[in-house]
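Below is one structure, written out as structure tokens; comments come after it.
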Amino acid sequence: MALRPFSLGIQARLTAGIALVASLLVLAVGWYWTAHEEEELLHDMRQREARMARLIERGFAGPIWNLDHVAIDNLLDAVMADPEVHAIELTGLGLRGGQARRSRDTPANGPLRREFAITYQPAAEAPGTQVGMAALVFTRDLVDEQIRRTRLFVVQLLGVVVAGIVIASSLLVHFLVRRPVARLGALAQRVAKGDLGAQETVERSDEIGELTMRFNAMSLKLRSAADQVQLSSEGLRASEARYRSLFENATEGIFQADADGRVLSMNRAFTQMLGLGSQSPVGRRLREVTGIDREEFQRISAVMSEQGRIQQAQLQLLGANGRPLWVELNAHWVEGEGGQRRIEGMVSDISLRRQAEAELTRHREHLEDLVAERTAELSEAKLRAEAANQAKGRFLATMSHEFRTPLNAILGFTQLMQMDAAMPATTQTRLQLMRDSGQHLLELINDVLDMASIEAGKVSLKPSAVDLRALLDMAGDSVRLRAEQKNLAFSLEVDADLPAQVLVDGQRLRQVLLNLLSNAVKFTDQGQVRLSAAVLSREAGQVRLQLAVADTGIGMTAAQQARLFQAFEQVSEASRSLGGTGLGLSISQQLVRLMGSQIEVQSEAGQGTRFAFELHVPLA
């Protein structure tokens, strides 16, 4: 026989709760009162100890000075007569053996020890003389006894308060809560037995009275609801008939099955899809009726178990005559009465759609064959283009030597001929023109070869320790003469915090600066050209620099700036008369990108141009 769970009624719980709160309150007050009382008693005991010490100091000074041992013994006995004194000890030359002591046999309880000197003063204004030392030990036995009596009083008070509260609260709860609740319970039983509309008298306008009024209103609403249910029962039967008509006459297949997969109901459209005729599928396995493959049925069951539903699942069924049928399934779990679950689903015949999709697939496969054939042709063209590009690279690598060798010989012999002082002035002029033309041709060849190397990915940076100030001076000196020939002011602005040496590819950085400075001088007719280097920030072992070249030349429009860094582009009309390949800025931009940055340009037509880029470089 199972034991009924133990539970307390509302009266017992309220009484116990009130008693607990009152007990805690009394305990809190009692604890505070006891602690305060103990503190005051200890304070008084310390004051008595201080007074006793002063009496001992004044009373023992004379007998010790006069060596009156009898008086000393009497005074010691008098001190020990105080029940709070546990022990007294005197030390000094005027005592027998230099020491006198009295002590109780029992150990001290919470002893308070005080040590002080005993000074003899023969006259009021005479200086005092120390004749000994005293040690006084007080015990707190009397204080503890007083505290014990106080705590006993608090416990007795607690018992009386708790008993009174228990009795009073029990009676109040019985008359104010338990009896009205019992009447409400009787009303609920009457309503449960069918006495709808039953009422209970409201005795008081408190919470219980409000609850009684709500019970009465609920009883009336239940009677009204019962009348409405009786009136709507015929409507429910009519609604069920309409649902049954929709179920049977729907164009889509609808079915219900239990948790074990047995058919509970199936409409006419589904039975016609399966070719069952007059056969009833109710009670049969759903997989047997529909002819679904076992593995496919297990997959659908797994999805239903995991997600609780399956949507737009395309399945192939087998009808009673063995004819394949493609359908689209939508199904979900439904909680029934008594916790019994069932499956509700809908199927749509998609056989025609599947045929159309198969036809579309055949066309797509044919299209894929065409795409594959075209892709093969493009791949072959790509291979031919790559081979041509490699041939171009090999040609440029070969011709770079063939171009530079005779050109260097021409420049060398031209320079030697210029060094001949006997050469006439007209011949010197022609030799200088020949040298300038050869030098210009060599620069063009170098630009074309650098661009080809960059496009082929053959250019790599070689960082080394570089004196940055010397590199800037060298770049400035390379264009200073040309600037002075055009009556342009050239300035070099270097940040005072510029590090002495950094790790960078000095040759490539110098090439970039020379390209920018050459363009600045080339496209500036009056004003100045400025090269600046500034330190933006310093980090652990690294520095962030900004290098800039500014001029007051012809400037550029926004459309010209958009084509500025493209290969073989010359955005200025003036550049056509000045020569060039249009590769300098493109090569410079590629080199700066290899360094992890990018050249930025700021320019307006007629207002000059400023090229700048930032570099993160390690300190050498």
Side-chain angles (χ1 to χ4, degrees), residues 23-162:
S23 300
L24 293 176
L25 182 60
V26 172
L27 286 175
V29 173
W31 176 84
Y32 174 77
W33 183 18
T34 304
H36 181 70
E37 185 73 14
E38 181 178 4
E39 185 178 354
E40 289 186 350
L41 291 174
L42 289 175
H43 178 71
D44 294 342
M45 187 179 75
R46 293 189 188 96
Q47 290 182 345
R48 291 194 297 273
E49 180 193 25
R51 289 196 298 270
M52 179 62 73
R54 290 194 295 272
L55 290 175
I56 291 172
E57 183 180 0
R58 291 195 299 270
F60 280 86
I64 292 175
W65 176 264
N66 296 321
L67 304 180
D68 190 351
H69 301 299
V70 175
I72 291 172
D73 292 338
N74 292 333
L75 288 174
L76 288 174
D77 294 338
V79 169
M80 292 301 296
D82 190 335
E84 289 186 309
V85 177
H86 179 266
I88 181 173
E89 181 178 355
L90 303 177
T91 57
L93 297 177
L95 301 172
R96 293 191 186 96
Q99 184 179 14
R101 189 175 187 280
R102 294 288 189 276
S103 176
R104 302 189 189 278
D105 297 333
T106 58
N109 179 24
L112 296 177
R113 182 181 178 87
R114 180 189 292 268
E115 295 182 359
F116 53 91
I118 299 177
T119 304
Y120 176 71
Q121 191 174 6
E125 297 179 355
T129 302
Q130 181 176 340
V131 296
M133 290 292 297
L136 178 64
V137 180
F138 260 55
T139 180
R140 53 177 289 172
D141 291 338
L142 295 179
V143 174
D144 290 346
E145 178 62 23
Q146 183 64 32
I147 292 174
R148 186 188 64 79
R149 289 196 297 269
T150 302
R151 288 175 178 171
L152 179 61
F153 172 74
V154 170
V155 172
Q156 292 173 350
L157 178 62
L158 175 62
V160 172
V161 170
V162 170

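Given the structure is predicted, the values throughout are model-derived calculations rather than measurements.
- Side chains of L75 and P63 form a contact here, defined as non-hydrogen atoms less than 4.5 Å apart.
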(Q) side-chain contact (heavy atoms from CB on, under 4.5 Å), that's the test. Do L90 and L76 meet it? Break it down for me. (A) CA-CA 9 Å; L90 303 177; L76 288 174; 3.9 Å; yes
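- The shortest distance between side-chain heavy atoms of L95 and F60 does not fall below 4.5 Å.
- The main-chain N or O of E84 is found under 3.5 Å from a side-chain atom of D82 such that the two form a donor-acceptor pair.
- Between the side chain of R104 and the backbone N or O of V85, at least one donor-acceptor pair lies under 3.5 Å.
- Ring-centre distance between W33 and F153: below the 6.0 Å cut-off.
- W31 is not listed as a side-chain neighbour of V154, based on a closest heavy-atom distance of 4.5 Å or more.
- Under a 4.0 Å N-O distance rule, the pair R96/D73 qualifies as a salt bridge.
- A salt bridge links R148 and E145; the closest N-O separation between the charged side-chain nitrogens and carboxylate oxygens is under 4.0 Å.
- Taking 4.5 Å as the limit, every side-chain heavy atom of E49 sits out of range of all side-chain heavy atoms of M45.
- Here R58 contributes atom CZ and I118 contributes atom CD1; the two are 12.5 Å apart, rounded to the nearest 0.5 Å.
- Counted within 6.0 Å of CG on L93, heavy atoms from surrounding residues, nucleotides or ligands total 12 or fewer; the atom is thus considered open.
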(Q) If you apply the rule side-chain contact (heavy atoms from CB on, under 4.5 Å), what do you find for M52 with F138, and how did you get there? (A) CA-CA 10 Å; M52 179 62 73; F138 260 55; 4.0 Å; yes
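- For the residue pair Q99/E89, the side-chain donor-acceptor check at 3.5 Å is satisfied.
- Between atom CG of residue L41 and atom OG1 of residue T150 there is a gap of 7.0 Å, rounded to the nearest 0.5 Å.
- Under 3.5 Å, the side chains of E39 and H43 contain no donor-acceptor pair of N or O atoms.
- Counting only heavy atoms from C-beta outward, the side chains of T119 and V131 never approach each other to under 4.5 Å.
- A 4.5 Å side-chain heavy-atom check between R151 and V155 finds every atom pair outside the cut-off.
- Side-chain contact check for I72 versus V70: every heavy-atom pair is 4.5 Å or farther apart.
- E40 pairs by the salt bridge (Lys or Arg N to Asp or Glu O under 4.0 Å) definition with nothing, not counting sequence neighbours.
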(Q) Could you go through R102 and D77, starting from their C-alpha distance and side-chain angles, then the distance that decides it, and tell me whether this counts as side-chain contact (heavy atoms from CB on, under 4.5 Å)? (A) CA-CA 8 Å; R102 294 288 189 276; D77 294 338; 3.2 Å; yes
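- Between A135 and E115, the closest heavy-atom pair is CB-CG, 4.0 Å.
- In this structure, the side chains of L42 and R140 come closer than 4.5 Å at one or more pairs of heavy atoms.
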Q.
Does R46 form a side-chain contact (heavy atoms from CB on, under 4.5 Å) with L112? I'd like the steps, not just the answer.
A. CA-CA 8 Å; R46 293 189 188 96; L112 296 177; 4.2 Å; yes
